[in-house]
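To keep things clear, I will list the structure first and then write my remarks on it.
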Amino acid sequence: MGKLKVGILISGRGSNMQALIDSCRSPDAPAEIALVLSNEPTAAGLRRAAEAGIPTRVVHHRDFADRAAFDAALHRALVGAGVEFVCLAGFMRLLTNDFVERWRDRMINIHPSLLPAFPGLNTHARALAAGVRFTGCTVHFVRSEMDTGPIIVQAAVPIRPEDNADSLAARVLEAEHRIYPYALRLVAEGRVTIIGERAIIAGAEAPGETLFNPVP
Ligand code: GAR
């Protein structure tokens with residue numbers, strides 16, 4: 001079977017993108033990165049992708065009259081590059097319903113909290129303000145309501161008394177870099193089925209493999 005052709009959408013530094021690129025380098029990886037696309041022309045991730053030999057594209061949201069036109073251009077760029085599956089990796093634009101439906105069950109996102117807690121922005125400051133003892137990160141299928149959709153993998157990160165938003169973000173980011181490649185592999189291996197808006201993972205009960213705090 002051929003490798004799953006993945007497009008990654010970014011807006012910024014692209015550290016999760018880099019983790020996905022690195023994990024797809026191994027010859028037995030079930031996915032390959034066909035395109036990295038940014039809505040921000042100056043995104044640092046574009047250079048990192050180019051250095052890794054991955055084709056890049058900029059679709060600048062300011063060049064379009066509205067979100068529908070922008071999303072249509074995103075869709076054309078992805079399809080034109082042969083993309084079959086989309087990973088959002090720090091992509092900071094809201095997507096239209098149309099786009100989300102076109103990629104339904106073929107698009108995943110990473111979010112820096114244990115969803116459904118703390119959707120949206122400033123997750124770490126909000127977790128600290130709420131006094132929760134654990135936060136973390138989530139990889140989930142994308143639905144049109146922001147930061148919702150069937151959850152594939154989560155990692156929990158304990159909050160320490162001395163944490164501030166930056167120290168917490170740094171520890172959560174390490175967990176993000178572990179779980180995003182892992183979630184993509186599960187999907188690309190065809191092990192993820194959505195039943196009643198829950199993602200069911202075939203063989204996930206195997207020893208040594210868990211869907212929380214997975215060890216790569
Ligand atoms: C990551 O922490 C990602 O979880 C977050 O943006 C950061 C991007 O960093 N995404 C969101 O907040 C989406 N709601 P990166 O560009 O280095 O991967």
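Only a predicted model underlies this, so the values are computations on that prediction, with no experimental measurement involved. As a basis for the values below, the full set of heavy atoms in this structure was taken, side chains included, without hydrogen atoms, waters or symmetry mates. Each ligand, and each atom within it, is numbered from 1 in the order the structure gives.
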Residue, atom and distance of the protein heavy atom nearest atom 15 (P) of ligand 1 read Ser15 N, 3.4 Å

Discussion item. Given 3.5 Å as the limit, does a donor-acceptor pair link the side chain of His111 with the main chain of Phe118, or not?
Written reply: yes

Heavy-atom proximity to atom 11 (C) of ligand 1, picking from Ala169, Pro119, Pro112, points to Pro112

Ser15 vs His177, test: side-chain hydrogen bond (donor to acceptor under 3.5 Å, both in side chains). Steps then yes/no. CA-CA 8 Å; Ser15 71; His177 297 164; 2.8 Å; yes

dist Ile10:CD1 -> Cys87:SG (nearest 0.5 Å) comes out at 12.5 Å

Checking heavy atoms under 4.0 Å, the part of Asp147 that sits near ligand 1 is side chain

In this structure, atom 7 (C) of ligand 1 is nearest to the protein heavy atom Arg13 NH2, 4.2 Å

- prompt: For ligand 1, is Ile110 a contact, meaning one of its heavy atoms is under 4.0 Å away?
  reply: yes

Is there a donor-acceptor contact under 3.5 Å from the side chain of Arg126 to the main chain of Ala117? no

The answer for which part of Met146 has a heavy atom under 4.0 Å from ligand 1 is neither

re atom 8 (C) of ligand 1, the protein heavy-atom contact at minimum distance is Gly90 CA, 3.6 Å

Ring geometry between His61 and Phe70 (parallel below 30°, tilted from 30 to 60°, perpendicular above 60°) = perpendicular

In ligand 1, the atoms that come under 4.0 Å of a heavy atom of Gly14 are 15 (P), 16 (O), 17 (O)

- request: Give yes or no for whether the N/O distance cutoff of 3.5 Å, strictly under, is met between Phe91 and ligand 1.
  value: no

Is Arg160 salt-bridged to Asp163, cutoff N-O under 4.0 Å? no

Practice task
Check whether more than 12 heavy atoms from other residues, nucleotides or ligands sit under 6.0 Å from atom NZ of Lys3, and answer yes or no.
Solution key: yes

Next on the checklist: Check Glu40 with Arg13, please: is the shortest side-chain N to carboxylate O separation under 4.0 Å?
Outcome noted: no

The protein heavy atom nearest to atom 1 (C) of ligand 1 is Glu176 OE1, 3.2 Å

among protein heavy atoms, the one nearest atom 14 (N) of ligand 1 is His111 ND1, 3.3 Å

Does ligand 1 come near enough to Asn109 that some N or O of the ligand is less than 3.5 Å from an N or O of the residue? no

